[in-house]
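Take a look at the structure below.
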Amino acid sequence: MRDSSTGDLVAVTGAGGFIGSHLVEALVGRGHRVRAFAHYNGAGTYGWLDTLHADQLARVEILAGDIRDRTMVDRLVEGASVVYHLAALGGIPYSYLAPQSYVETNVVGTLNVLESARRAGTGRVVVTSTSEVYGTATTVPMTEAHRLRGQSPYAASKIGADKLAESFQLSFGLPVVTLRPFNTYGPRQSTRAVIPTIVSQLAKGSRTVELGAVDTTRDLLFVADTVAAFVAVGTAPADRVVGQVFQAATGRETAVGELVRRIAAIFGVEPEIRVSDARLRPEGSEVERLVGDAGLLRSATGWQSAVPLDDGLKATVEWFLDPANLGRYRADRAV
């Protein structure tokens, strides 16, 4: 595996999304040429890639397409030394309404990436998992050996994608690494996630924050730390990472209600929390507790989280308070 400073071509799926766009920026900053796969739409927009600076975009080849279309995925991986596969249909609430969409995008889309990479002889494929594949923690801190449990159609689709990646490594020797970040937050995240939900409501002047479950806990990872984990597994020596699953986590958990208090303190307000039935998961589907152990990733690559929660929350709030950023969101969106 050549060093990232050589300007190798790397490919990123889901490049127009929250984490994907940050990863594209980081890879460009490391000297890579990046082929960025953005979801095609009739408006001709490329998601958050549209906000990158012109000097960054000069090293980015944007390919618009659909991860479910194998022909387009073949074009994406051609000549790439590493494929970072982040494309997915996210948002747990919507998965209750449209589960087939999640299977087609998250499972079939991942299959397309694996098949294309196998045919192309790609040097490494980094597949993105999620801590949601575990369901509610049965032991803490959670390790990669924790049992998998699909408590939502979204989680089930990601378990399917993870197992496909595992099968391609074991069956065909495809050099796959699976990265399982815990709850990533930061600028550009969708308001379907809890922190942007809180921030966007407060930023638009509301003192009543509507949420679902408030006693659940999450291991919250700032996006810069998540991106650093992707780079770590994408560039580490193959014998340290290929064929393995790694968690990126802080090892600390925070309740949703506590998050509201911390974020409201940044705004200098006393919020009222209102539990909305529309934001609650179905009975049996709520993941009550997530907190991860990143010891395996740290041992293999040296990675560790670097951004304290309060610092990350302040940076996220500052970003949302820019009217150009806040104007992209609907604070009342529950799904």
Please confirm whether the backbone N or O of [Y] pairs with a side-chain atom of [X], one donor and one acceptor, at under 3.5 Å?
X      : Y      : result
Gln189 : Thr184 : yes
Ser285 : Gln151 : yes
Arg118 : Leu174 : no
Arg59  : Gly31  : yes
Glu272 : Arg207 : no
Thr51  : Trp48  : yes
Arg124 : Val233 : yes
Ser95  : Tyr154 : yes
Arg35  : Glu78  : yes
Asp219 : Gly292 : yes

Go through it in stages, so that I can follow the logic: the residues are Leu49 and Leu52, the test is side chain to side chain contact (heavy atoms under 4.5 Å, CB included), and I'd like the CA-CA distance, side-chain angles, deciding distance and then a yes or no. CA-CA 5 Å; Leu49 291 176; Leu52 269 58; 4.0 Å; yes

Among the clusters formed by ILVMFWY side chains lying less than 4.5 Å apart, do [X] and [Y] turn up in the same one?
X      : Y      : value
Leu290 : Ile19  : no
Val108 : Phe37  : no
Phe18  : Leu321 : yes
Ile62  : Ile67  : no
Phe222 : Val317 : yes

If we count only N and O atoms by modelled type, under 3.5 Å, do the side chains of His146 and Thr139 hold a donor and an acceptor together? no

Name all pairs fulfilling the side-chain hydrogen bond (donor to acceptor under 3.5 Å, both in side chains) condition that reach into residues 295-312, sequence neighbours left out, sorted by first residue then second. Arg262-Asp310

Keeping to residues at least two apart or across chains, list the side-chain hydrogen bond (donor to acceptor under 3.5 Å, both in side chains) pairs with something in residues 101-114. Arg70-Asn112, His85-Thr110, Gln100-Glu104, Asn106-Ser157

Quick check for you: to the nearest 0.5 Å, what is the distance between [X] atom [atom1] and [Y] atom [atom2]?
X      : Y      : atom1 : atom2 : answer
Arg68  : Met72  : CZ    : CE    : 13.0 Å
Leu23  : Thr226 : CG    : OG1   : 10.5 Å
Thr316 : Leu220 : OG1   : CG    : 10.0 Å

What residue among [options] forms side-chain contact (heavy atoms from CB on, under 4.5 Å) with [X]?
X      : options                        : value
Asp162 : Val245, Thr130, Val107, Thr178 : Thr178
Leu76  : Leu63, Thr71, Val113           : Leu63
Leu202 : Val260, Thr208, Val269         : Val269

Is the shortest side-chain heavy-atom distance between [X] and [Y] below 4.5 Å?
X      : Y      : value
Thr143 : Leu296 : no
Val82  : Tyr84  : yes
Leu309 : Arg252 : no
Leu313 : Ile266 : yes
Arg218 : Thr254 : no
Val223 : Tyr185 : no
Leu9   : His32  : no
Leu164 : Leu111 : yes

With Ser190 via side chain to side chain contact (heavy atoms under 4.5 Å, CB included) - residues at least two apart: Arg192

Do the side chains of [X] and [Y] get close enough for a salt bridge, i.e. N-O under 4.0 angstrom?
X      : Y      : answer
Glu288 : Arg149 : no
Glu132 : Lys158 : no
Arg261 : Glu258 : yes

Arg188: which residues meet the salt bridge (Lys or Arg N to Asp or Glu O under 4.0 Å) condition with it, sequence neighbours left out? Glu25

Who passes salt bridge (Lys or Arg N to Asp or Glu O under 4.0 Å) against Arg33, sequence neighbours left out? none

Mind checking what makes side chain to side chain donor-acceptor pair (under 3.5 Å) contact with Glu166, not counting sequence neighbours? Lys163

Considering all heavy atoms, the nearest [X]-[Y] contact:
X      : Y      : result
Thr191 : Ser200 : CG2-OG, 3.6 Å
Asp74  : Ser116 : OD1-OG, 2.6 Å
Val227 : Ala26  : CG1-CB, 3.4 Å
Thr122 : Ser81  : CG2-O, 4.0 Å
Gly312 : Val307 : N-CG1, 3.7 Å
Ala248 : Leu221 : O-CD2, 3.6 Å

For the CG atom on Asp277, are there more than 12 heavy atoms of other groups (residues, nucleotides or ligands in this structure) within a distance under 6.0 Å? no

Neighbour count >12 (heavy atoms, 6.0 Å) for atom OH, Tyr96: yes

In sequence, state the C-alpha distance, the side-chain angles, and the governing distance for Glu253 and Arg289, and then conclude on salt bridge (Lys or Arg N to Asp or Glu O under 4.0 Å). CA-CA 8 Å; Glu253 58 186 322; Arg289 190 180 187 192; 2.7 Å; yes

Evaluation steps, side chain to side chain contact (heavy atoms under 4.5 Å, CB included), between Gln56 and Val24: CA-CA 9 Å; Gln56 294 172 316; Val24 168; over 6 Å; no

Would you sort out whether Phe246 and Val177 count as a side chain to side chain contact (heavy atoms under 4.5 Å, CB included), showing the intermediate values? CA-CA 8 Å; Phe246 295 99; Val177 185; 3.8 Å; yes

Would you sort out whether Gln247 and Tyr134 count as a side chain to side chain contact (heavy atoms under 4.5 Å, CB included), showing the intermediate values? CA-CA 12 Å; Gln247 295 182 158; Tyr134 296 127; 2.5 Å; yes

